[in-house]
Number of protein chains: 2
Amino acid sequence: MKQKPVTIYDIAKEAKVSTATVSRVIANNYPVSEKTKKMVLDLIKKYDYQPNAVARSLTKKESKMIGFILPDITNPFFAQVFIEAEKYALTKGYTLILGNSMNSNEIESKYLRDLSERQVEGIIFMGGRINKSQPDHMEINELKDVMNKIPVIMVNGKIDGINCSSVHTNEAKGIDLVIEHLVSHDHKKIGLIGGVKGVTTTDIKVNAYWRSLTKHGLLMKENWQIYSGYDVDSGRKAVETFIHVNESDLPTALIGINDLVIIGALKACRQNHLHPFSFVGFDNTDLTKNATPEITSVSHPYKDLGEKAIDLIIHTKTMKPEEIWLDPYLAIRESTNRPH
Amino acid sequence: MKQKPVTIYDIAKEAKVSTATVSRVIANNYPVSEKTKKMVLDLIKKYDYQPNAVARSLTKKESKMIGFILPDITNPFFAQVFIEAEKYALTKGYTLILGNSMNSNEIESKYLRDLSERQVEGIIFMGGRINKSQPDHMEINELKDVMNKIPVIMVNGKIDGINCSSVHTNEAKGIDLVIEHLVSHDHKKIGLIGGVKGVTTTDIKVNAYWRSLTKHGLLMKENWQIYSGYDVDSGRKAVETFIHVNESDLPTALIGINDLVIIGALKACRQNHLHPFSFVGFDNTDLTKNATPEITSVSHPYKDLGEKAIDLIIHTKTMKPEEIWLDPYLAIRESTNRPH
DNA sequence: CTGTTAGCGCCTTCAG
DNA sequence: CTGAAGGCGCTAACAG
């Protein structure tokens, strides 16, 4: 089964030319006579010769690989960004290596190291340590070590003390869009649920929420903003505390820190026969389209996010750190209506 | 920012030993005096030296990378398997390279080629060409070419004319489980929707469906099995044709070829005020847990699927092709009840 | 247009 | 226990 691989040398020998010539016809970046070119090409086909990318990487000192570290590809939000990045990278001749950290710091570190040893030309980082407002020293230092060797860029994240390029969804603007939308549907009492205080993206959204309420002169009740986490169950729990705490004075619309949370909230409301709510998610994952009712959600500019991330890696060698901000948009669906 | 990388040679020089010695302390597989070992280790730390995995791959002729080609990582079914494989691979010292084919034949071919050039030690293949009952010659030949060089293994797929190792979910058994479950809840009229005739997994499920109905002596109506595709919309469409074709004589339970289809069906039923149905999905993705009601679904043995796939790659060098069949189980949820 | 010659960074005999 | 030397497969000057 495993045949010994044919090398550029084998081809050269049989073609009675030098390896340099073979290399040239493969790279096709240098004049070679039509005749020898054809001959070499024929042999390449005959033996199904494939250049050894590892050897090439070693000589050229470029691996044409880019690392991508994220917490969990099973999460459609990350998967969306990743796949856009991959599609784009492919057109540029790059291959991505995905590292799922599973929210484990050690695995994150392991991949950081592994990818760098594998000579990836850059690492795209999403989630994990780059979203903590208080990352520890070790974590920062590891990143810095890697950044001494290859460019690291962050998607929707930022760490104090690390100065690298990044692409961001303007999530604050996303919240603005939601609230404008709700206000235009006559909602005056709007709640925000989910997330964890101290996680960058949560903080951004929460701040934007309060700012936007103020701007629209809406009622602000501290109890209408509830931290609870990021999964479906967090959404359910949030609704329950909600009912407890706010009793009769409930908002007419609920914004989830992400889609999972709002789905949990929707389920909980249904179980408790609470219908006056409008629901808005964040991330615009498939979940929102598949839910009943279909849920309005803020969408990241996935394509741009992925493509810019790749561009930053490819070009960062020659550029100084750059921060790119991209606007989200609102995917409006059935879950937002006028309050009764 | 980009400092010139420190090599094994730099370390050797400063330690006044040979590169061989440094190599030995790194590999830690050969006697080296404690003193020089410590010295080298200190220097490695001092310069944050990391061995160049590309160079190592070249000399050792092993890349410690495994390729994984699948249609779309955004699909939680594939993502599940991939992530289990990745976790396991990591413990074995391997890194996975993911290739999303986006259901494009060309991309599939491109990755097949790219991964093989990158010297991955094997390729795990899911979906795409390995699920067609009539793959074309080109597709098969490409696979064969690759298989001459490195092991290829298939997950839940098989092609005539290709003889390689594979891991499978026993999907027929999954259908059996569903029907038993439904029968035990007094269902006698059971439908199956979704899928495409000629796609291996669909064919398996459809065959199992008829066989199981026979076995239980249930009513078999040709119109109760409807091909329609794999996405949410296919589910919706299936229900609509259903209503058209079967008019008053509707089954009391519906099985979806996968979770997406059953979710579409659920939505359509709700819109048409059709409530007597019980619903069962296939794949046990998060979708089923997040739906309302939560949907009963057949679960693949994800962990085993992923781990066996890796094992097959790692060990296949010394073994002859092997076919592993794993049993699914039924995740029972709210969507299956007794018929009225 | 083509061949020769050095490496790329590391590992692995083979001698000490 | 340690060093010297060769080579993995390919590319990039440098000569012709």
Side-chain angles (χ1 to χ4, degrees), chain A residues 2-41 43-44 47-65 93 116-121 149-150, chain B residues 2-41 43-44 47-65 93 116-121 149-150:
Chain A
K2 185 100 146 280
Q3 69 198 16
K4 68 176 183 327
V6 13
T7 73
I8 203 172
Y9 188 76
D10 300 321
I11 302 290
K13 196 161 92 183
E14 183 153 344
K16 295 192 201 312
V17 297
S18 72
T19 58
T21 302
V22 178
S23 176
R24 281 170 193 135
V25 350
I26 293 168
N28 195 26
N29 58 356
Y30 230 78
V32 177
S33 83
E34 277 308 318
K35 210 174 61 184
T36 62
K37 180 185 284 186
K38 182 177 179 332
M39 170 175 244
V40 169
L41 252 19
L43 286 170
I44 286 179
Y47 289 111
D48 187 32
Y49 163 74
Q50 296 180 216
N52 180 326
V54 169
R56 176 183 289 153
S57 294
L58 187 59
T59 33
K60 297 189 64 162
K61 291 160 165 305
E62 55 174 41
S63 63
K64 291 290 180 186
M65 299 193 298
S116 136
E117 288 186 1
R118 286 186 189 282
Q119 311 301 115
V120 297
E121 294 181 34
K149 297 172 175 148
I150 50 173
Chain B
K2 185 99 142 283
Q3 69 199 16
K4 71 177 175 334
V6 13
T7 74
I8 204 174
Y9 188 76
D10 301 322
I11 302 289
K13 198 161 92 183
E14 183 153 344
K16 295 192 203 311
V17 297
S18 73
T19 58
T21 302
V22 178
S23 176
R24 282 171 192 133
V25 350
I26 293 168
N28 194 29
N29 58 356
Y30 227 78
V32 177
S33 81
E34 279 306 319
K35 210 173 64 185
T36 60
K37 180 185 282 184
K38 182 178 179 331
M39 170 175 243
V40 170
L41 252 19
L43 285 169
I44 285 179
Y47 289 112
D48 188 33
Y49 163 75
Q50 295 181 217
N52 180 326
V54 168
R56 175 182 289 155
S57 295
L58 187 59
T59 35
K60 297 190 61 163
K61 290 163 167 301
E62 55 173 43
S63 62
K64 290 292 179 184
M65 299 193 298
S116 139
E117 290 187 359
R118 287 187 188 283
Q119 312 299 114
V120 296
E121 294 180 32
K149 298 174 175 145
I150 50 172

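Every chain is numbered from 1 and lettered A, B, ... according to where its sequence line falls, protein lines coming before strand lines. These numbers come from the heavy atoms of this one structure, side chains and all, not from hydrogens, waters or symmetry mates.
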Query - B/V54 versus A/L58, closest heavy-atom pair with distance - result: CG1-N, 3.8 Å
Report summary line: Taken in chain and number order and not counting sequence neighbours, the residues that satisfy side chain to side chain contact (heavy atoms under 4.5 Å, CB included) with A/A15 are A/V17, A/M39, A/V40, A/L43
Report task. Could you grab the distance from atom CD1 of B/I44 to atom CD1 of B/I26, nearest 0.5 Å is fine? Result -> 4.5 Å
**Report entry** A/T36 vs A/V25, side chain to side chain contact (heavy atoms under 4.5 Å, CB included): CA-CA, chis, key distance, verdict
**Finding:** CA-CA 9 Å; A/T36 62; A/V25 350; 5.9 Å; no
**Report entry** Close residues, residues 51-61 of chain A, relative to DNA chain C [heavy-atom separation under 4.0 Å]
**Finding:** A/L58, A/T59, A/K61
Query raised in the report: Side chains of B/Q119 and B/K61: is there a donor and an acceptor less than 3.5 Å apart?
Result: no
**Report entry** Polar contact flag, side-chain donor to acceptor under 3.5 angstrom, B/S57-B/E62
**Finding:** no
Requested in this report: Check the pair B/D10, B/Y49 against side chain to side chain contact (heavy atoms under 4.5 Å, CB included), reporting the backbone distance first and the verdict last.
Outcome: CA-CA 9 Å; B/D10 301 322; B/Y49 163 75; over 6 Å; no
**Report entry** Inter-residue atom distance A/E121.CD - A/S63.OG, 0.5 Å rounding
**Finding:** 4.5 Å
Report task. Could you check which residues of residues 6-21 of chain B get a heavy atom under 4.0 Å from DNA chain D? Sort them by number, please. Result -> B/K16, B/V17, B/S18, B/A20, B/T21
Query - Covered region of DNA chain D, 5' end to 3' end, by chain B [heavy atoms, under 4.0 Å] - result: D/dC1 to D/dG9
Requested in this report: Under 4.0 Å from any heavy atom of chain A: name the first and the last nucleotide of DNA chain C that qualifies, 5' to 3'.
Outcome: C/dC1 to C/dG9
Report task. Could you give me the CA-CA distance, side-chain angles and deciding distance for B/K149 and A/D48, then say whether side chain to side chain contact (heavy atoms under 4.5 Å, CB included) is met? Result -> CA-CA 10 Å; B/K149 298 174 175 145; A/D48 187 32; 2.7 Å; yes
Requested in this report: Show your working on side chain to side chain contact (heavy atoms under 4.5 Å, CB included) between A/K13 and A/V22 and close with a plain yes or no.
Outcome: CA-CA 10 Å; A/K13 196 161 92 183; A/V22 178; over 6 Å; no
Query - Over all atoms of both residues, closest heavy-atom pair of B/R118 and A/G93 - result: NH2-O, 4.4 Å
Report summary line: Here the side chain to side chain donor-acceptor pair (under 3.5 Å) pairs for residues 19-29 of chain A, sequence neighbours left out, are A/S18-A/T21
